[in-house]
Amino acid sequence: MDTALTRSQLVHWRTAVFAIFFATGLGFATWASRVPTAKANLGIDDFQLGLLLFASGAASIIGLSLANVLLARWGARRGLFLGIAIFAVGILLTGLGAQTFESYALTGTGLAIMGLGMGSTDVMMNVEGAAIERATDRTIMPLFHALFSLGTVAGAAIGVAMTWWGVGIGWHLWIVGAVVVIGGIVAVAFVPVREAVEDPVADEAAPSRRDKFAAAVAVWRDPRTYAIGAIMLGMAFAEGGANDWLPLAVVDGHDGTVAQGAIALTVFSIAMTTVRALGGPLVDRFGRVWTLRILAVAAGIGLIVFILAPSLPVALVGVALWGVGASLGFPLGMSAAADDPTKAAASVSAAATIGYIAFLCGPPILGWISHHIGLLNTLWILVGLIALSGFASGAAKPIAGSTVGAGRAQSEA
């Protein structure tokens with residue numbers, strides 16, 4: 001444990017990062033829950049809606065790339081505050097565009113700003129999560145991501161309530177935006193100044209900004225970055241494919257009802273969130289590498305069972321295994337990327353970019369392929385990508401000098 005911080009400070013730091021993960025999930029799901037309302041208010045078709053969603057996704061990729069610049073320039077506390085503020089401003093502008101002015105351009109601008117803030121905040125909060133793991137020598141990144149998932153559940157539930165009560169999308173987004181920014185102000189106050197807390201070369205001359213930016217570029221020449229990216233890419237496809245195509249696969253592939261499709265997605269989400277909430281001790285017991293390999297096998301078997309299932313109950317068993325297996329690839333990939341605190345931000349940014357490109361590009365690619373070979377047949381592509389993730393799992397072995405899991409590092413293959 002890092003002696004520079006008291007136990008109370010560590011608890012406050014961890015709680016603050018929990019709150020930030022929850023708030024970003026809440027804000028993201030708030031918009032997602034009101035997409036049909038926004039579409040109706042703006043009078044747009046599916047193609048125009050797709051462009052709005054693409055603007056948000058593309059801006060989030062830019063935000064991922066900018067995060068390590070923000071950290072190098074301002075540090076974690078001010079960088080996180082700026083990212084959260086940008087995210088909240090995007091939510092507010094989206095509400096203005098979708099209700100007050102019913103402006104397609106303003107809504108698109110708001111979504112782009114929202115994506116920019118979310119992407120940069122995503123990297124920084126994961127860097128902080130990895131720093132907390134090092135300070136406590138415990139695997140808790142899955143739990144941070146479980147809080148994000150709980151935030152999305154809360155955001156979706158509030159969205160249903162707001163729609164039921166007839167609350168306009170503008171008021172809904174403004175309230176949530178205010179909650180996000182106020183909560184962010186409170187949370188970042190408990191984030192320590194990282195350079196003072198955990199600087200592996202504290203007694204040496206601090207690196208210049210030029211050196212930090214050079215390090216940010218250098219990670220793209222590190223083979224380990226791409227191997228970790230492969231872990232995250234495979235599991236990002238597994239998770240994103242379920243979120244976007246699972247209900248339709250139940251309806252079109254297994255002759256289920258729309259309600260049964262929604263039930264299948266609920267089973268997947270519960271399974272994934274449960275393992276994220278409880279998975280830390282599992283990782284501490286077996287290590288990152290074997291955990292990822294076991295879960296890749298579970299995800300692959302679950303997806304195969306779902307594709308070949310002779311009945312819907314059997315398909316739901318496959319869905320549950322699919323959710324369990326897809327649960328930890330992304331958070332453990334983030335932990336692995338941040339093993340070296342001297343280049344954690346740059347490495348997390350690079351690995352997350354690979355994963356987020358899968359989230360952004362995966363659904364339309366799968367949709368296009370499914371038009372030619374059918375949706376269930378298309379899901380075999382996910383089986384292959386899950387296998388790729390499993391084969392790449394060795395890259396998650398803690399690197400020399402990492403304090404997280406140091407006692408297990410020698411036993412990981």
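What you see below is based on every heavy atom in this structure, not just the backbone, and it leaves out hydrogens, waters and symmetry mates.
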What is the distance from atom CG of Leu96 to atom CD1 of Ile91, rounded to the nearest 0.5 Å?
12.5 Å
Val324 vs Met272 side-chain heavy atoms within contact, under 4.5 Å:
no
Take atom CH2 of Trp171 as the centre, draw a 6.0 Å sphere, and report whether it contains more than 12 heavy atoms from other residues, nucleotides or ligands.
no
Just do the side chain to side chain contact (heavy atoms under 4.5 Å, CB included) check on Leu71 and Trp74 with the steps written out, would you?
CA-CA 5 Å; Leu71 282 173; Trp74 286 298; over 6 Å; no
Would you indicate whether the side-chain heavy atoms of Thr107 and Leu93 approach each other to under 4.5 Å?
no
Kindly compute the distance separating CG (Asp340) from CZ (Arg224), expressed to the nearest 0.5 Å.
9.0 Å
How about His145 and Asn126: do any of their side-chain heavy atoms sit closer than 4.5 Å?
yes
Can you tell me how the ring of Trp368 sits relative to the ring of His372, calling it parallel under 30°, perpendicular over 60° and tilted otherwise?
tilted
Least distance between heavy atoms, Ala298 atom then Gly325 atom:
CB-CA, 4.2 Å
Hey, is the main chain of Asp45 close enough, under 3.5 Å, to the side chain of Gln48 for a donor-acceptor pair?
yes
Interatomic spacing from CE in Met162 to OG1 in Thr30 - rounded to 0.5 Å:
8.5 Å
Side-chain donor/acceptor of Arg134 to backbone N/O of Ala338, under 3.5 Å
yes
Specify the closest pair of heavy atoms between Val176 and Gly27, including all atoms of both residues, with the distance to one decimal.
CG1-CA, 4.3 Å
Any donor-acceptor pair under 3.5 Å linking the side chain of Tyr226 with the backbone of Trp220?
yes
What I'd like to find out is whether the side chain of Leu321 reaches to under 4.5 Å of the side chain of Phe306, using heavy atoms alone.
no
Ser370 side-chain N/O to Thr378 backbone N/O, donor-acceptor pair under 3.5 Å
no
Could you tell me the separation between the OG1 atom of Thr15 and the CD1 atom of Ile20, rounded to the nearest 0.5 Å?
11.0 Å
Closest heavy-atom pair, Ala59 versus Ala112, reported as atoms and distance to 0.1 Å, is CB-O, 3.0 Å
Atom CZ of Phe391: over 12 foreign heavy atoms under 6.0 Å:
no
With a 4.5 Å limit on heavy-atom distance, are the side chains of Leu82 and Arg78 in contact?
no
Tell me the closest heavy-atom pair linking Phe268 and Ala238, and the distance in Å.
CZ-O, 4.2 Å
Tell me the closest heavy-atom pair linking Ser149 and Thr273, and the distance in Å.
CB-OG1, 3.5 Å
A side-chain contact here means heavy atoms from C-beta on lying under 4.5 Å apart; do Val188 and Ile84 qualify?
yes
Could you tell me whether the side chain of Ser269 and the main chain of Thr266 form a donor-acceptor pair under 3.5 Å?
no
Would you say Asn41's side chain and Glu102's backbone share a donor-acceptor pair under 3.5 angstrom?
no
Measuring only between side-chain heavy atoms, which start at C-beta, is Thr291 closer than 4.5 Å to Arg288?
no
Given Phe144, which partner from the list Phe18, Phe330, Phe22 fulfils the ring-ring contact (aromatic ring centres under 6.0 Å, His included) test?
Phe18
Can you list the steps and then say if Leu42 with Leu52 is a side chain to side chain contact (heavy atoms under 4.5 Å, CB included)?
CA-CA 11 Å; Leu42 297 173; Leu52 287 180; 4.1 Å; yes
Donor-acceptor pair, distance only, cut-off 3.5 Å: does the side chain of Ser56 make one with the backbone of Leu53?
no
With rounding to the nearest 0.5 Å, note down the distance linking CG in Leu150 to CZ in Arg276.
10.5 Å
As an exercise, state the distance from CG of Leu64 to CE of Met124, rounded to the nearest 0.5 Å.
10.5 Å
Does any non-hydrogen side-chain atom of Leu116 lie less than 4.5 Å from one of Ser60?
no
Worked verdict on Trp322 versus Val305 for side chain to side chain contact (heavy atoms under 4.5 Å, CB included):
CA-CA 9 Å; Trp322 181 1; Val305 169; over 6 Å; no
Under the criterion side chain to side chain contact (heavy atoms under 4.5 Å, CB included), I'd like the reasoning laid out for Glu128 against Arg77: C-alpha separation, chi angles, the key distance, then a yes or no.
CA-CA 10 Å; Glu128 288 302 291; Arg77 182 184 292 180; over 6 Å; no
Carefully, step by step, assess Glu133 and Thr139 under the rule side-chain hydrogen bond (donor to acceptor under 3.5 Å, both in side chains).
CA-CA 6 Å; Glu133 286 190 321; Thr139 300; 4.6 Å; no
Exercise: identify the closest heavy-atom pair between Arg34 and Val167:
NH2-O, 3.0 Å
